[in-house]
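Reading through the structure tokens given below for one structure.
Both counts, for ligands and for their atoms, begin at 1 and track the order of listing.
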Amino acid sequence: MTTALGSAAEILRAAKIVEGVVGNAWATDADGRFIYVTPDALTFLNLTLDDLNTPPEEGSLGWKRVIHPEDYEAAAATWRHSLRSGEPYNVEHRMLLANGAYGWGRSTGQPLHDGLGRILGWYGTVIDAGVSTSADNRPSSQTTDAPVHDAASNTPPLNLVHPHDRPAAEQAMARAFWHGIPQIVSYRRRQADGSYRWAELRAEPGYAVSVDVDPMVSKPGERWATSDTLGETVEAVRGARAVEGLFGAAFAFDPSGTFTYATPIAQTSIALTLEDLNEPLSVNSFLDGGDLGWKRSVHPDDYEDVAAALRRCLRTGEQFHHEWRVLRTSGQWVWHRFAVRPTHDTQGRITGWYGVGIDIDVYKKTEAALRERERELSQLIDMVPSHLWRLSPDGEPTFFNKRMADFLGMDAADMASPGMSRLDRLIATVHPDDAAEFGNALNRSLASGERFAMRYRLRRADGVYHWMSSRAEPLRNEEDRIVQWYGLCHDIDDQVHAEDALRESERSLRQLIETLPALIYCAAPDGKPIYRSQQLREFLGFNLEDKDEGARSRLVGTLDAIIHPDDLAVVKERYGHSLESGEPYALQHRLRRSDGEYRWVETRTAAMRNAEGAIVQWNGVCFDIEDQVRAQEELRLSQESLARASQAASLAELSASIAHEVNQPLAAVVANSHACQRWLNADPPNLERAQKTVERITRDANSAADVVNRIRALFRQSAEARTGASITGVVAEAREVLTEEALRRGARMDVAVESGLPTVRLDRVQIQQVLVNLIRNGLDAMNSLAGPRIVSIRARRSEEMVRIEIADRGRGVEFPERIFEPFFTTKGDGMGMGLAICRSIVESHGGRLWAEKNEPQGAKFIFTLPIEPDATP
Ligand code: ADP
């Protein structure tokens, strides 16, 4: 029993020494039952000692709870093997930490033997395999009092401290508590039997541990004399021995820094013996700035720091933790972490140092690689031409990349300002008009986990607001909990201004189009209407889509609805032609207004083409020319009635005078005819009287003929009004007079005058009258004609004459021998004087007028006029 208790104490001591160096330790009995684990480690793992000893299920180990399932089997097998064989235990595995995450660790264990070589128990530690976690930096939140020399006792150690040592111990604990500086003091601890044994108190900010260091591991039961300097040295060496089993490279040195011990592994791994380590390389002692042989094993870049730190520790008694590159026997520089701590005598004087060097090369290199990666990444992040940011799950900014920090003029850390959360501070950088929406959207995303996306104005350091397009998405962990929000914020200020300007110019263009006093429209390349200006929409009274009906296209539907039926055919033909050929389109036609009234418009449409010349759109404009057309029509009507009036006036005058002149002889002819009839009907007939009345009839008829001759002579006497003129001009004038009338009657005049015709002496008005009369007769003749109504007018030189032909496509002349007689007409409203007068006029000019058949149909009236003898063409 005492043996068992004794061996437990031995193992605990060994574990405590390890803990002193590494920060955590564990101890088990020979069967692997835990008898001690550093309290902080238990907290760290959220376990009790009982948990570790109680298997979660049959056949497993208690610590299965905290080992990653994938690593447990291998670790358990190695541990069982160690327990059976006594071989050291050394396994890497993942451990479940109290915060729910797994972390990599390396567990090492070492058996402790009694004098007969039997295993008393095991002690060991777990090193954090993550990077640069030193024992002293571990969080410590637990207040624990663990008197370890006696597992049964929970009494605070101060009661057991020798009265002489108590002030120092109290002071150390107070200092640790109030100043957060770990303290270690040696003191004499009262045993159950009243005797004192040396113990060490390790006080940390939150707890204190007492370690019984009296009987050292290597020599159980041996008392350690404080006055014996060899004994003091031995204490450090014992410390070194306790940790060497775990880590191999352990060592000890005296207060001056002279090595007193180095494990064989340590010596062989750097190919330096204890003597080599202590070989003076300069006159000065180490403490006075001199160098010792071990300098050779330290990388030149690291040495000065190492030596300075060690000298400081040697002077102050502070624990020493340092990392440097060690020159291995193989010639390689290998990163090591060194932990060294002092041992003290009763007066608290340092009696020596012991420590250990752990190979951390892999971690160091991983760390360096990670750092390099991180540097590259952060460079990338800073170089991305965008603002990148990170928020905590509750919206606190935790990171801005350089661009963003430069833009805002502050870092994520600077966001903290009194009386305002960092999130509110972030919201405050947004334009007041956008801030509320920004805050709402962000909070909504934070609450729901949905992606955030918004455009808003963000204030730059100089106070100028810039438009930003921002997005953020959450990063989730394995349990789907949001751990971070990552955001990207793109400066779109230029873009937004360009868009604004574009919108503005589009708006003003649109306004321009809408307010132009014209009806404007656009159509697709195939003619489908795609746009109508406000004025056109109002004019038509319906929308583009309203004509998308049935099988008819929108274009056809629209045209049918808006074009006057009489104009529809020509509009369709001409518009179709333009669409096909790409030629511009221009036409005057009637357009139906929303109130049903047709108005004359002039439509012009042209193709808009792209860089390749392909038509992309048709743009058209439509002017209301109703007023203009009406004015023209009125003008034409008034011209026509004027012309008619003047014609009617001259003809009425003429008829009146003819009637007057002719009436008397005709009345006499009628009276004499009756008288003659009576004389002839008498019984017997009075032939003599009859003869006389016939003579009178002949006389009166002759006098009537004289009247007509006299009228015709009237025209012959107009020779004074004649001037030399070009027939071309006279033809053009006649045509001008009849243009409107021809159009109205659906006919056209086809004029061909030979160029360079010589001048003719003529009475302009009279020859115009001839032309007008002949052309109008031609139009009359084609009144009921179905085919094209064309009057062709030709003028050419024929020997010493100018020959003018007026041809139509009518029925032709029915009574060619009578038409030139005065008063011969076949028309209901005709007077029958036209041709007679025309012939008189032509003949009075020295020319001739006659009629011919036109080929293939119709009549042709030809007249000639003599060329002026000295006329030049
Ligand atoms: P009006 O035109 O008043 O009848 P005109 O002397 O000009 O008097 O014509 C006499 C007649 O000659 C016409 O009524 C018509 O029968 C005939 N005539 C004249 N021009 C043509 C023509 N181009 N084609 C056929 N008949 C014609």
If you have a sec, work out which protein heavy atom is nearest [atom] and how many Å separate them, to one decimal?
atom: atom 4 (O) of ligand 1; value: Thr825 OG1, 2.6 Å
atom: atom 16 (O) of ligand 1; value: Thr826 OG1, 2.4 Å
atom: atom 27 (C) of ligand 1; value: Val813 CG2, 4.2 Å
atom: atom 8 (O) of ligand 1; value: Gly832 CA, 3.2 Å
atom: atom 2 (O) of ligand 1; value: Lys827 NZ, 2.9 Å
atom: atom 6 (O) of ligand 1; value: Leu835 N, 2.9 Å
atom: atom 24 (N) of ligand 1; value: Ala859 CB, 3.7 Å

### Nearest candidate to atom 10 (C) of ligand 1, where distance is taken over non-hydrogen atoms, out of Phe820, Phe861, Phe824
Phe824
### Query
Of the choices Gly810, Gly812, Ala781, which has the non-hydrogen atom that lies closest to atom 25 (C) of ligand 1?
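Nearest heavy atom to atom 25 (C) of ligand 1 lies in Gly812.
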### Query
Using 4.0 Å as the upper bound for N to carboxylate O, is an ion pair formed by Arg630 and Glu634?
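Arg630 and Glu634: not salt-bridged.
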### Side-chain ion pair, Asp780 and Arg745, N-O less than 4.0 Å
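So Asp780 pairs with Arg745 through a salt bridge.
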### Test item: side-chain donor near acceptor, Gln617 and Asn619, under 3.5 Å
yes
### Message
With no hydrogens and no angle check, just 3.5 Å: does a side-chain donor-acceptor pair link Asp808 and Asn854?
### Response
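The answer is no; no qualifying pair exists.
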Which ligand 1 atoms does [X] reach within 4.0 Å, using its non-hydrogen atoms?
X: Asn773; result: 7 (O)
X: Ile819; result: 6 (O), 10 (C), 11 (C), 12 (O), 17 (C)
X: Asn777; result: 2 (O), 7 (O), 19 (C), 20 (N)

### Task
Would you please determine whether Glu814 falls within less than 4.0 Å of ligand 1 on a heavy-atom basis?
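No, Glu814 has no heavy atoms under 4.0 Å from ligand 1.
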Contact between [X] and [Y] at the side-chain level, heavy atoms closer than 4.5 Å - yes or no?
X: Glu506; Y: Leu509; result: no
X: Ser798; Y: Thr864; result: no
X: Ile563; Y: Tyr598; result: no

#### Entry: Qualifying residues under ring pair (Phe, Tyr, Trp, His ring centres under 6.0 Å), relative to Tyr521, sequence neighbours excluded
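Per chain and number, Tyr521 pairs via ring pair (Phe, Tyr, Trp, His ring centres under 6.0 Å) with no residue.
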### Query
If you draw the axis of the six-membered ring of Phe824, does the NZ or CZ of Arg818 fall within 45° of it and under 6.0 Å from the ring centre?
no
### Task
Please confirm whether Asp808 comes within less than 3.5 Å of ligand 1 when only nitrogen or oxygen atoms on both sides are compared.
yes
### Query
When only distance counts, is Gly778 in polar contact with ligand 1, meaning an N/O pair under 3.5 Å?
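Among all N and O atoms of Gly778, none is under 3.5 Å from an N or O of ligand 1.
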#### Entry: Pairing residues for Asn777 by the side chain to side chain donor-acceptor pair (under 3.5 Å) criterion, not counting sequence neighbours
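Partners of Asn777 under the side chain to side chain donor-acceptor pair (under 3.5 Å) test: Lys827.
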